[in-house]
Amino acid sequence: MIRIYNTLTQRKEEFQPIEPGKVRMYVCGMTVYDYCHLGHARVLVSFDVITRYLRHCGYDVHYVRNITDIDDKILRRADENGEVFTDLTDRMIEAMHEDEARLGVLSPTEEPRATAYIDEIIAMIHKLVASGHAYAADNGDVYFAVDSFDEYGKLSKKKLEDLVAGARIDVREAKRSPADFALWKAASEGEVSWSSPWGEGRPGWHIECSAMSTCCLGDTFDIHGGGPDLLFPHHENEIAQSECATGQEFARTWMHAGAIRVNKEKMSKSLGNFFTIREILESYPAEVVRYFLVSSHYRSQVDYSEENLAEAGRSLTKLYLALRGVMPSKAGVVPETEHDRGFMEVMNDDFNTAGAISVLHAVANDINQQRREGREDEAKQSAAVLVRLGSILGLLQQDPEAFLQADAGGELSAEDIDRLIQARADARKNRDFAEADRIRDELADKGIILDDSREGTTWRRA
RNA sequence: GGCGCGGUGGCAGAGUGGUUAUGCAGCGGACUGCAACUCCGUGUACGCCGGUUCGAUUCCGACCCGCGCCUCCA
């Protein structure tokens, strides 16, 4: 039985899908006007692990993650670049897919794009206008009337009167209430636009997610997720739009990832303190970045720092060292172990990946001990368990040598390294330890660490 | 100001009303030519003050501190 923390109720709840055995999940994806940063990676990886685990538990997961490919920021950026906005979005979508692939994020079941759902968006707005939840303003915009929805604020725990009183809300003449938000924005001269009953224009932010989620998953679905900064206003507004349009409960469980921080501040576009995924991947292997993200709970805030990434690298290396030189038994034939059960127990508690990783280390410890005691068959079984559990977190799926030796040596080729290792072996045989140590130091300077064993010497990157 | 989250050993990071994860770093030992790898051992950490309790880091209350949202942001 899986328990999930629901932002809506502010407590962990037993997860019961609407349709037994099937999970319908929608996660807010990117607005594609720039490269993904580590905060995006957090959401991508968190919901990837959640999807993998739910599937491991036997659920048929229908995972929808949208792409918002039309909005003001996109148009502004395209304008700055002097390009057609679709060129910008196409490029960013391709980059996003590359980043995801490198981080081992599986593709969602569906990846709808806002521009492909304009008709559905218009239909939903039409419904809202017809039912009195929205109104067309004189300037051609269509707004959602927030006071027409009694439950507005139920997700973010905000009171409408506080919002209206807030000084930071944009007060536009056309709005009836300052808290109202745009469903449809009238186009100015020369702007990208679509025809609608309210004139030429484009969708406002929020409505595209309401339209795409209900079209792909139905009026009510199981899980809706996203980043922490989407809770308000984006998700609050989605609830208002969807529940008013369909008359049904929107999403049962709301899940929000924690923020990534840099020097105690949230990593964000507006603060400019963000690191893009591709930037980080220049310095760290993708799996290390993934391990770093998975090693803390998805809801907690995590601090990005060089030291934390480096530590994640050392920790992951330890797991791969345990796997090195052990051919795992066929995963399918290895029966469930106490480690599998321990792993599931912690994962069932709101996807506690930090606890799950401690199980991985316990298995690695078993492997090391078993090999040490010459129990090779048991070690192979344990290795199979480690790879099996790792796959649920999207980790440990590489050949250990590939991980341990990737991008190492600088100008030294693998052949050069092997030659030096052989030279050192000869020196050691001749008990010329000064020469042997000199070679080892030379390799160490190049970032190569040597590991000796009875079977010979292996190397890895520092 | 309103709302929400959090303060765990040197660091990272889980968790629990009493047996006190895990990783990194450190220390001692084994292994090694010496190291690395690995194994064994080692550290009585739970912001502060009260309360409940036989017993609280874990429950309750106050306080201090940090962070997030309230405007675009994952």
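Chain letters run A, B, ... following the sequence lines, proteins first and then strands; every chain starts at 1.
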### Query
Quantified in whole Å, what is the C1' atom distance between nucleotide B:rG43 and nucleotide B:rA21?
15 Å
### Message
Rounding to an integer number of Å, can you tell me how far A:Leu443 CG sits from B:rC37 C1'?
### Response
16 Å
### Query
Given A:Met255 and A:Phe47, is the side chain to side chain contact (heavy atoms under 4.5 Å, CB included) satisfied, shown in steps?
CA-CA 9 Å; A:Met255 298 180 70; A:Phe47 286 97; 4.0 Å; yes
### Task
Answer with yes or no whether A:Asp162 presents, from its side chain, a donor or acceptor under 3.5 Å of a partner atom in the base of B:rG1.
no
### Message
Could you tell me how far apart A:Phe232 (CZ) and B:rC5 (C1') are, to the nearest whole angstrom?
### Response
18 Å
#### Entry: RNA chain B stem ranges, 3 or more consecutive Watson-Crick or G-U pairs under 3.5 angstrom
B:1-7 with B:64-70, B:10-12 with B:22-24, B:26-30 with B:38-42, B:49-51 with B:59-61
### Message
Check A:Lys318 with A:Glu311, please: is the shortest side-chain N to carboxylate O separation under 4.0 Å?
### Response
no
### Query
In whole Å, what is the span from the CD1 atom of A:Ile367 to the P atom of B:rC37?
17 Å
What's touching nucleotides 57-59 of chain B from the protein side, N or O pairs under 3.5 Å?
none

#### Entry: Whole-Å C1' distance, B:rA14 and B:rG7
15 Å
### Task
Record whether the side chain of A:Arg454 comes under 3.5 Å of the base of B:rC31 through a donor-acceptor pair of N or O atoms.
no
### Task
Write down the distance between NZ (A:Lys154) and C1' (B:rC3), rounded to a whole number of angstrom.
18 Å
### Task
Report the relative orientation of the aromatic rings in A:Tyr320 and A:Phe403; use parallel for angles under 30°, tilted for 30 to 60°, perpendicular for over 60°.
parallel
Please write out the pairs of protein N or O atoms and N or O atoms of nucleotides 21-23 of chain B separated by less than 3.5 Å, giving the distance to one decimal.
from: B:rG23; atom 1: O2'; to: A:Ser315; atom 2: OG; distance (Å): 2.7
from: B:rG23; atom 1: N2; to: A:Glu311; atom 2: OE1; distance (Å): 3.3
from: B:rG23; atom 1: N2; to: A:Glu311; atom 2: OE2; distance (Å): 2.5
from: B:rG23; atom 1: N3; to: A:Glu311; atom 2: OE2; distance (Å): 3.1

### Interatomic distance at P, B:rC5 relative to B:rG9, whole Å
23 Å
